[in-house]
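What follows is one structure encoded as structure tokens, with my remarks underneath.
Quick note: numbers below take in every heavy atom, side chains included, and nothing from hydrogens, waters or symmetry partners.
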Amino acid sequence: MDKYNFAEIENKWQKRWEQEKRFKTVTSTDKPKYYCLEMFPYPSGRIHMGHVRNYTIGDVIARYKMMHGVSVLHPMGWDAFGLPAENAAMNKNVHPSEWTQNNISYMKSQLKRMGFSYDWDRELATCNEDYYKWNQWLFLKFYEKGLAYKQEADVNWCNTCQTVLANEQVVDSCCWRCNTPVRTKRLSQWFFRITAYADNLLADHSLLGNWPERVLSMQKNWIGKSYGCEIDFRLASDTEKIIKAFTTRPDTIFGATYVVLAPQHPLIDELIKGTENEEQIRQFIEQCKVRVALDEEVEKKGMFTGAYAINPVNSEHIPVWIANYVLMGYGSGAIMAVPAHDQRDFEFSKKYDLPIRVVIQPELQQAQTPHCPLSTAFSLQPSDNMTCAYEEEGILTNSGVFNGMGNVDAKGTITKWMDEEKIGRGKINYRLRDWLVSRQRYWGTPIPIIYCESCGIVPVKEDELPIRLPKELDVSGRKTLASFPEFIHTKCPACGRDASRETDTMDTFVDSSWYFARYVSPHDDKQPIDTKQADYFLPVDQYIGGIEHAILHLLYSRFFVKVMADIGLINHKEPFANLLTQGMVIKDGAKMSKSKGNVVDPDDIVNKYGADTVRIFILFAAPPEKDLEWSEQGVEGAWRFLNRVWRIVQQHAAGVRQEIKPENLSVPAKALYSFTHRTIKRVTEDIDVFHFNTAISACMELVNEMYQYKEDDTMGLVVLQEALRNLILMLSPFAPHMCEELWGKIGNSTSILDEPWPTYLPEALQKDSILIVVQINGKARDKITVPVESTEDVIKAEALNAVSDKLSGKEIKKVIVVAGRLVNIVI
RNA sequence: GCGAGGGUGGCGGAGUUGGUAGACGUGCCAGACUUAGGAUCUGGUGGGGCAACCUGUGCGGGUUCGAGUCCCGCCCCUCGCACCA
């Protein structure tokens, strides 16, 4: 018997698949399509186990769909712009382009060694000018539509990366990439107006029913839509000057006892200029800029500006404060403080002895909350020694004509009234900020903009694209495009005079925001996307990747698709119909990482066991969305299983194909026949819902059955061979190389890829007899086997008879018969 | 604090129109084949007990003939957001 020589087999079939272009996408409109996509990797040098897991899952789905005769698009490419290439340039004295290309070619060979079914003819790399040209083209479209704009703003700056970052790329106040604490810096930068799509992004969650709930909830949280009211507080000293404050609680407006500005609020300068406390206040504002350590409760601090604002509903003059607990980045950077009904304001007013005015009374005694003991249930008074704000519902008081109204109703009524009085207006506010896309980097897409002294900001003409990166980079030090005078100097497209180019490049998340759409027509040099192809292939039917992109990449991509639809490039509202977020690969309880020294190199495992074993292990060890603990013993188990399959097929490879007539089979043969078809059913249903671990375990059970099977007459062998044939087909998405080889060994000359997925015969699942569990008082006591057509009475009698010794002298109160399952005798 | 997801053998994990808890794998124990086997095949394996049985799915209640699964109240873990007005 041949030994399972995985190295030879895998090499043989990888070559054959490539030569025969087995995975070339067939665009055929009379067939249903399936677009299976895994998140493309950054070409860091080598693939890691996380990639192997991600791409194995995708490969199983793609191959499974191929066997269903579907036109499958399964492409792969490279997220090839990024900072590590620049660091490599400095540290290893190699051009970012060369370093990236080398990495791509090695990683591509690794992916091929795994046997993944990619259509490599559609490969793309975002650092190639035939890709980033279309980034620039899209940028110009965004600019035309007013969706790209330049603005001076306080932006996030990472000193290590020497560049700015988008809000989404700041994690716990630190750079998402290098973990350096982020500082704010005032710079003029390019933004994408993602906020214009905030509502669409939120509303279209309804189209994403098959996305994991937690991803949707993270995005919802990030977008942060809230309904409220913007209220105008005029300055007492100059009623032309207005502080706009956003609140979700207009019902508490009569309880506003002061106004608070964020330390960065633009009006502050004017308010404090020339006052006696000016210097102190400026010092305080500086202090507020210092970021404190994380998960540390920040103490509320503030200062009185000396100015007063007018509460528009009652003309009261209330003090204007500056405090660190008000954020410039949300709403208008100013709030009305209602200490009686907002815990934060309450704490602040206690600290600085600011007045507290109750404007909502709990309705009944039971409205008391455990956190807010009230001395008298019906009249909440600040003098009651309130220990916290009352944030529950109630009845308005101290609120003029609105007294007695329920506060929930009052929100709308007061908003409407303020609108009529022109002192405020209903407003929807979002937490989402615009996307800062400028980066002070070399290795990225140049922003196609020219600055002219007389014409200002002038977009590059479309036919001038691409604006190429200067290639002759001296790699000895950190460079940006500003280091290349020959790149900067140009002529103004409008007036022809000397002008200079924008030297910032785009955030690399721009690249990955539409690459999935480029795959439908990757070589089109006339347009970014061939709309016809897009109509056929988009949206991606199944997207697979890590949860770490829950907000960043997945939100940006959704935004891009909506813009691309609005400019008529595509006709879809959402990029990814279904999303599978796979868990991490961990070892010894921690994520594999160089610093922890617990990395397992895929190359080593593939060399030792082969790709098929690695694939089986990864799929079997845990369901895809859960974390997977790496286990050498688990890999051994997968290896043993494949060898078991290999041996059983070898033992019974030669044989006859003959029609099976179930009624003529021996009892064991019929049992195996039935088991085979039940396995087909189980495996099919499991793969449909991505339960690869249980699909493989079902195959293992079938193999175990085969080892027990001893029928060696002709029909016995026919049944066994039918089982083997189906087993090989079912395992082929998981362990494709070995299955191709075994497919040949059982007498086929074609590729298994030409074979349809097996279907089970319902009649084969039918049994002559069934097992019935006999319970007494809900506890299993015995089992009986009865003919499948037995009536309830017969089953009941059999059951009572089986446990008669345990029933003697007992009164039977009740007997429950569940068809086909059990009998429960209650005594 | 808010939101989402979890808690089942030594370990990874099965199991929901409520119906034999622990499939499959791993580990461990035993047997077979063998000069030998960390190869392979076979059997056993939640805990307690010689056994009949008892007990067991984070904790406490409840519904039910019957609960890992449904309901109520807790505890713990993971992830995300977090002074968002």
>> What is the distance, to the nearest angstrom, from the CG atom on A:N824 to the P atom on B:U20?
In response: 11 Å
>> Does B:U42 have its OP1 or OP2 closer than 4.0 Å to a side-chain nitrogen or oxygen of A:Q708?
In response: yes
> Below 4.0 angstrom, N of the basic side chain to O of the carboxylate: do A:R214 and A:E625 qualify?
Replying inline: no
>> Using a heavy-atom cut-off of 4.0 Å across all strands, would you classify A:E213 as base, sugar-phosphate, or nothing?
In response: sugar-phosphate
>> Taking any heavy-atom pair under 4.0 Å as a contact, classify A:K220: base, sugar-phosphate, or nothing.
In response: nothing
>> Regarding A:K813, tell me which of base, sugar-phosphate or nothing describes its non-hydrogen contacts under 4.0 Å with the strands shown.
In response: nothing
>> Distance to the ring centre below 6.0 angstrom and angle to the axis at most 45 degrees; does that hold for A:K300 and A:Y325?
In response: yes
>> Taking any heavy-atom pair under 4.0 Å as a contact, classify A:V826: base, sugar-phosphate, or nothing.
In response: sugar-phosphate
>> From CG of A:L216 over to C1' of B:G5, roughly how many Å is that when rounded to an integer?
In response: 14 Å
>> Given a 3.5 Å cut-off on both pairing distances, which stems involving RNA chain B, each at least three consecutive Watson-Crick or G-U pairs, are present, if any?
In response: B:1-7 with B:75-81, B:10-12 with B:24-26, B:27-32 with B:40-45, B:46-48 with B:53-55, B:58-62 with B:70-74
> Mapping A:I547 and A:R682 to their closest nucleotides on RNA chain B, which lands nearer the 5' end?
Replying inline: A:R682
>> Syn if the chi torsion is within 90° of 0, anti otherwise; quick check, which is B:G9?
In response: syn
> A:I335 or A:P623: which one's nearest nucleotide on RNA chain B is closer to the 5' end?
Replying inline: A:P623
>> Taking only the P atom of each, what is the distance from B:G60 to B:G5 in whole angstrom?
In response: 25 Å
> Contact class for A:S631 (heavy atom, under 4.0 Å): base, sugar-phosphate, or nothing?
Replying inline: nothing
> What nucleic acid atoms does A:G637 come within less than 4.0 Å of, heavy atoms only: base, sugar-phosphate, or nothing?
Replying inline: sugar-phosphate
> Is it true that the NZ or CZ of A:R678 lies under 6.0 Å from the centre of A:F675's six-membered ring and within 45 degrees of the ring axis?
Replying inline: yes
>> Base, sugar-phosphate or nothing for A:N704? Non-hydrogen atoms, less than 4.0 Å.
In response: sugar-phosphate
> How about A:T184 and A:D154: does a side-chain donor come under 3.5 Å of a side-chain acceptor?
Replying inline: no
>> What I want to check is whether an N or O donor and acceptor connect the side chain of A:K814 with the base of B:C65 at under 3.5 Å.
In response: no
>> Regarding A:R431 and A:N221, do their side chains bring together a donor and an acceptor under 3.5 Å, going by distance alone?
In response: no
> Can A:D232 and A:R425 be counted as an ion pair, charged N to O under 4.0 angstrom?
Replying inline: yes
> How would you label the contact of A:F641 with the nucleic acid (heavy atoms, under 4.0 Å): base, sugar-phosphate, or nothing?
Replying inline: nothing
> Hey, are A:K796 and A:E792 close enough for a salt bridge, meaning a charged N less than 4.0 Å from a carboxylate O?
Replying inline: no
